[in-house]
Peer 1: 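The structure under discussion is supplied below as structure tokens; questions concerning it will follow.
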Amino acid sequence: MAVITDIADAIVAELNAATFSQPVAAERHYLPQFELKEMQTLHVTVVPKTVVLASSDRSRSQRDYSIDVAVQKKFETGDNAELDPLLALVEQIADHFRGRRLASFPDAAWLKTEQTVLYAPEHIDELRQFTSVLTLTYRVLR
Amino acid sequence: MADLLERGSRWLEDQRTKHCTRDVNYVRGAASAVVRATVGRTEFKTDDGETVRIEFTDRDFLVLSTDLVLAGSSTTPERGDKVRETQDGTVYVFEVMDWRYSDPYRQTLRIETKLVGTETA
């Protein structure tokens with residue numbers, strides 16, 4: 001398998017093994033596509049995003065693998081009491097990966113986490129759904 | 001002098017309600033009411049958002065504004081209300097996203113919804 005899918009699978013395994021404020025059942029997808037009516041339950045989706053290659057030293061290259069982690073759930077009222085726990089979960093996920101090597105792919109070093117979509121206002125407005133996306137970047141020297 | 005256009009519009013809306021509607025259940029919390037609704041539009045769409053695509057079915061319901069009475073009070077739609085439509089043994093649950101009047105005389109509500117679930121009738 002490609003390294004990026006190995007890393008994505010390792011992220012899925014970490015998410016499913018960890019304990020967060022609410023249960024998480026993450027899945028990896030190539031083409032994540034869901035119907036709105038499926039989104040009543042929490043969806044955590046892991047999607048390979050980009051690979052950036054650069055020279056590291058004379059003999060090795062460094063590859064930065066970025067993987068998106070999307071947290072989504074359709075809400076009932078959309079008030080703070082309902083959305084705050086979801087945003088807190090995203091923060092917990094970000095904190096969980098910060099500075100940590102992945103248990104099933106320890107060659108990848110955590111580089112950074114970006115909250116590329118803190119929350120999608122258009123999803124709140126048009127779908128009454130919470131969507132937040134984290135981008136995790138790992139560096140591998142080869 | 002009466003507004004002829006308004007009278008004509010009212011007659012047309014009455015005819016629509018008599019001949020081009022089906023019963024749906026309009027629900028807000030514990031309150032509900034059976035109203036006669038015309039299906040105004042149904043479209044399947046995809047939101048090509050960041051990372052994850054969401055597919056959804058849009059459906060508009062046209063309802064006489066005087067028919068929408070919940071818990072004894074006339075009301076207008078609110079985001080999050082549900083419209084439950086039964087067809088061939090399946091209840092399709094639509095969630096209200098927005099609404100507007102569909103005519104200049106505020107006789108008919110165009111209730112914009114998205115399909116959020118199905119249940120067995």
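Convention: sequence-line order gives letters A, B, ...; per-chain numbering from 1.
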Peer 1: Just verifying a value: how many Å separate Lys74(A) NZ and Phe56(B) CZ, rounded to the nearest 0.5 Å?
Peer 2: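 Lys74(A) NZ to Phe56(B) CZ: 11.0 Å, rounded to 0.5 Å.
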Peer 1: Give the cluster check for Val24(B) versus Val93(B): same hydrophobic cluster or not, with ILVMFWY residues linked at side-chain heavy-atom distances below 4.5 Å.
Peer 2: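 As far as the 4.5 Å side-chain criterion goes, Val93(B) and Val24(B) are not connected within one cluster.
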Peer 1: Can you tell me if Arg98(A) has over 12 outside heavy atoms packed within less than 6.0 Å of its CZ?
Peer 2: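 Result for CZ/Arg98(A): open.
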Peer 1: Find the one option among Leu127(A), Thr135(A), Val117(A), Leu31(A) whose heavy-atom pairs under 4.5 Å with chain B are most numerous.
Peer 2: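 Looking at each of Leu127(A), Thr135(A), Val117(A), Leu31(A) in turn, Leu127(A) comes out on top.
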Peer 1: Please look at Glu95(B) and chain A and tell me whether the side chain, the backbone, both or neither of the residue comes under 4.5 angstrom of a heavy atom of that chain.
Peer 2: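 Just the side chain, heavy atoms under 4.5 Å.
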Peer 1: Is the CZ atom of Arg101(A) crowded by more than 12 outside heavy atoms at less than 6.0 Å?
Peer 2: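 Yes, because the 6.0 Å sphere around CZ of Arg101(A) holds more than 12 heavy atoms from other groups.
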Peer 1: Quick one, Val96(B) and Arg128(A) - any side-chain contact, counting heavy atoms below 4.5 Å?
Peer 2: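 No, too far: nothing below the 4.5 Å cut-off.
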Peer 1: Would a hydrophobic clustering, with Ile, Leu, Val, Met, Phe, Trp and Tyr connected at side-chain separations under 4.5 Å, put Val51(A) with Tyr138(A)?
Peer 2: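 In one cluster with Val51(A): Tyr138(A), yes.
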Peer 1: Run Glu76(A) and Lys82(B) through salt bridge (Lys or Arg N to Asp or Glu O under 4.0 Å) and show every step you take.
Peer 2: CA-CA 11 Å; Glu76(A) 282 292 319; Lys82(B) 303 284 194 305; 3.7 Å; yes
Peer 1: Determine whether more than 12 heavy atoms belonging to other residues, nucleotides or ligands lie under 6.0 Å from atom CZ of Phe44(B).
Peer 2: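 More than 12 within 6.0 Å, yes.
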Peer 1: Which distance, rounded to the nearest 0.5 Å, do you find between the CD of Glu55(B) and the CE of Met39(A)?
Peer 2: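 Reported to 0.5 Å precision, the distance equals 11.5 Å.
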Peer 1: Side-chain heavy atoms under 4.5 angstrom apart, residues restricted to Ile, Leu, Val, Met, Phe, Trp, Tyr: same cluster for Phe94(B) and Val34(B)?
Peer 2: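 Different hydrophobic clusters.
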Peer 1: Hey, quick one: are Ile124(A) and Leu86(A) part of the same hydrophobic cluster, counting side-chain heavy atoms closer than 4.5 Å, chains of contacts allowed?
Peer 2: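 Yes: a chain of side-chain contacts under 4.5 Å links Ile124(A) to Leu86(A).
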Peer 1: Out of Thr46(B), Thr118(B), Leu115(B), Val52(B), which one racks up the most heavy-atom pairs below 4.5 Å with chain A?
Peer 2: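 Among Thr46(B), Thr118(B), Leu115(B), Val52(B), the one with the most close pairs to chain A is Val52(B).
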Peer 1: Between Arg79(B) and Asp125(A), is a side chain to side chain contact (heavy atoms under 4.5 Å, CB included) present by the stated rule, with each step listed?
Peer 2: CA-CA 10 Å; Arg79(B) 279 166 64 84; Asp125(A) 183 39; 3.9 Å; yes
Peer 1: Could you tell me whether the side chain of Gln40(A) and the main chain of Val116(B) form a donor-acceptor pair under 3.5 Å?
Peer 2: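 Checking the backbone N and O of Val116(B) against the side chain of Gln40(A), a donor-acceptor pair under 3.5 Å is found.
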Peer 1: Please flag which part of Ala120(A) lies under 4.5 Å from any non-hydrogen atom of chain B: side chain, backbone, both or neither.
Peer 2: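 Contact with chain B involves no heavy atom of Ala120(A) at all.
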Peer 1: Considering only heavy atoms, which portion of His123(A) lies under 4.5 Å from any heavy atom of chain B: side chain, backbone, both, or neither?
Peer 2: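 Just its side chain gets close to chain B.
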Peer 1: Any side-chain heavy atom of Glu126(A) sitting closer than 4.5 Å to one from Met97(B)?
Peer 2: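 Of all side-chain heavy-atom pairs linking Met97(B) with Glu126(A), none is under 4.5 Å.
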Peer 1: Above 12 or not: heavy atoms from other molecules or residues under 6.0 Å from CZ of Phe20(A)?
Peer 2: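 Yes, enclosed.
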Peer 1: Applying the 4.5 Å side-chain criterion to the ILVMFWY set and letting contacts propagate, would Leu87(A) and Leu15(A) be lumped into a single cluster?
Peer 2: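 Leu87(A) clusters together with Leu15(A).
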Peer 1: Side chains of Gln72(A) and Ile54(B): closer than 4.5 Å at any heavy-atom pair?
Peer 2: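 Touching, per the 4.5 Å side-chain cut-off.
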